[in-house]
Amino acid sequence: MGYAVVLGEALVDLLDAECAGEPVYRQAVGGGPLNVAVAVARLGGAVQFVGSLGDDVLAGRIRDFLTGAGVGLAGVVTAPAPTALAVATFAGPEPDFRFYGEPPSYGLLGPDDLDTELVAGADVVYCGSIVLLQPPVLAAARRAWALAPGLRVFDPNVRPRLLDGPAALTGLRAVVAEFAASAHLVKLSAADAKLLYPGEPEEGVAAYLRELGAGTAVVTLGAAGALVAAAGADPVRVPAPKVDAVDATGAGDSVMGAFIADLLVDGEPADPVGWHERVAYALRVAALVCESPGGATAMPTRTEVLTRFTP
C-alpha cells in the first residue's frame, strides 16, 4: 500500500457553543481537506497533507494535531500570516461557516512551493475545497494534478459565502469542469450540486461530471445517502444508516477519506457494484461521524465502524 497526498486548507474552527448559560466559541482544528487527511489516517491509510500554515500558536496546534493523528507534514510550508479562522454557527446538525483572515493562511502555497517528488510518488492525489479560490493554490493544485501518476480524486466542497457574485461562481464552475475532466473520482454534496448547477437533478449532475471525463461521480445526499454514477451503469442511490445526528461537521469529508483509504488498499473497483459497496461503507463512516460533536476529532477507525454497524 502506498500513500495519498491531500492538498488543501487547514485552519481553526470556532464552533458556536454555550458555557454556564453564556454563548462561547469552542476552538477546533478544521478545514475540509484536513478532515479528509485525518479520516484517511484513522482508517489505516498513509497520507501526506500539502498546504500552507501560518506562523502563530494556532498553526502549531494544527501541526501537533495532524502529527498526532498520523498525518505526514512533508508537503507543508509555513507562511508569514496568522492562522485563518472559520466561525461556525448551527441551526441544526449542519454548520454555517464564515471565514476570517486576509490573506488567508491556507492560500499561500504556490506552485514553486510544491514538493514535486512527494506528489509524484503518491498513489492517490486529492485536490479541492476553498483553496481553489486562491490563485496561488489553484496553480499549485494544477501542477499537482498534472504530476499525479496514480488516481486523482476531486471534491469542490463549495462555500457560498466565499463566492463574490455570479462571476466567481462561473469561474468556480469552470475550475470544477477542468479538474473533473481527468478525475478518477469526483465527490460533491447535494448542496454543491444545487449551487453549481441550479435546477439540475442530482442524476443529471452526476451524468454531466461523467460526460466531462470523471470515471465515477458521487453526490452525497445527507441522511438520504448518496447517488453513485459509475461507468457501465445507470446512477444508483445508496441509502445511509439511520442515526441520531448530533453534528454533521466533517461528514462529507469522512466520505472522501473512506474512499481514499479504500483506493490505497484495493485501487478502483472493477465494476459498478464494487463502487456501490464502497459508497455504502463510506456512508457508515459518515454516520458515525454525525453521532459525535466535532469534525476531525470525530473521524473513526475501521474497528469503530465495524463495531458500530455490525449486522
Side-chain angles (χ1 to χ4, degrees), residues 32 35-36 38-40 42-45 88 90-96 126 128-129 153-158 185-197 200-207 209-210 214 216-230 233-263 266 269 271-311:
N35 292 339
V36 171
V38 172
V40 174
R42 291 280 284 168
L43 292 169
F90 293 85
E94 293 285 348
D96 174 42
Y126 160 103
S129 201
V153 297
F154 179 72
D155 180 358
N157 196 22
V158 183
L185 169 66
V186 177
K187 192 280 293 181
L188 70 167
S189 70
D192 294 336
K194 183 178 180 179
L195 182 66
L196 288 167
Y197 314 106
E200 190 71 33
E202 287 90 4
E203 286 83 357
V205 172
L209 293 171
R210 291 216 61 250
T216 300
V218 176
V219 182
T220 56
L221 308 171
L227 175 79
V228 191
D234 293 330
V236 170
R237 290 181 179 249
V238 180
K242 302 298 182 184
V243 297
D244 293 325
V246 173
D247 181 359
T249 304
D253 304 325
S254 74
V255 169
M256 180 58 87
F259 288 152
I260 294 173
D262 283 347
L263 288 171
D266 296 318
D271 53 43
V273 174
W275 270 116
H276 303 161
E277 293 171 349
R278 294 274 182 95
V279 171
Y281 174 75
L283 291 174
R284 291 195 290 273
V285 174
L288 188 51
V289 169
C290 289
E291 288 187 321
S292 302
T297 57
M299 299 299 166
T301 65
R302 288 190 183 273
T303 299
E304 288 170 340
V305 177
L306 180 62
T307 300
R308 174 63 179 83
F309 296 107
T310 299

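What you are looking at is a predicted structure, and each value in this text was computed from that prediction instead of being measured.
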| task | Work out which heavy atom in Ala296 is nearest to a heavy atom in Val38; give both atom names and the distance. | result | O-CG1, 3.7 Å
| task | For residues Val243 and Phe309, determine if any side-chain heavy atom of one lies less than 4.5 Å from a side-chain heavy atom of the other. | result | yes
| Any side-chain heavy-atom pair of Ser292 and Val246 under 4.5 Å | no
| query | Between Gly250 and Met299, what is the shortest heavy-atom contact and its length? | reply | O-CE, 3.4 Å
| query | Taking all atoms of both residues into account, what is the closest heavy-atom pair of Ala206 and Leu227, and its distance? | reply | CB-CD2, 4.0 Å
| said: Strictly below 4.0 Å, N to O, side chains only: are Arg302 and Asp262 in salt-bridge contact? | reply: yes
| request: Taking all heavy atoms of Ser254 and all of Ala286, pick out the closest pair and write down the distance. | output: OG-CA, 3.2 Å
| request: Kindly say whether Gly252 contributes a backbone atom to a donor-acceptor pair with the side chain of Lys187 at under 3.5 angstrom? | output: yes
| query | Is a donor on one side and an acceptor on the other found under 3.5 Å between the side chain of Thr307 and the backbone of Glu304? | reply | no
| query | Roughly how far, to the nearest 0.5 Å, is CG of Asp271 from NE2 of His276? | reply | 8.5 Å
| Looking at residues at least two apart in the chain, or sitting in another chain, which of them share a side chain to side chain donor-acceptor pair (under 3.5 Å) with Thr297? | none
| If you round to the nearest 0.5 Å, how far is CZ of Phe154 from CE of Met256? | 9.0 Å
| message | Counting C-beta onward and ignoring hydrogens, is there a side-chain heavy-atom pair between Asp192 and Val205 closer than 4.5 Å? | response | no
| task | Output the distance between atom CG (Leu43) and atom OG1 (Thr303), rounded to the nearest 0.5 Å. | result | 10.0 Å
| field | Atom of Thr220, atom of Ser189 and distance for their closest heavy-atom approach | value | OG1-CA, 3.3 Å
| Pairwise side-chain contact, Ile260 with Leu185, heavy-atom cut-off 4.5 Å (strictly under) | no
| said: Pair Glu291, Asp244 - check side chain to side chain contact (heavy atoms under 4.5 Å, CB included), show working. | reply: CA-CA 6 Å; Glu291 288 187 321; Asp244 293 325; 5.9 Å; no
| message | So which atom in Gly257 and which in Val40 form the shortest heavy-atom distance, rounded to 0.1 Å? | response | O-CG2, 3.6 Å
| field | Value rounded to 0.5 Å, distance of CG in Leu209 from OG1 in Thr216 | value | 11.0 Å
| field | Gap between atom CH2 of Trp275 and atom CZ of Phe259 - 0.5 Å precision | value | 6.0 Å
| field | Leu306 side, atom CG; Leu288 side, atom CG - distance, nearest 0.5 Å | value | 11.5 Å
| said: Are Leu263 and Arg278 packed together at the side-chain level, in the sense that at least one heavy-atom pair is separated by less than 4.5 angstrom? | reply: yes
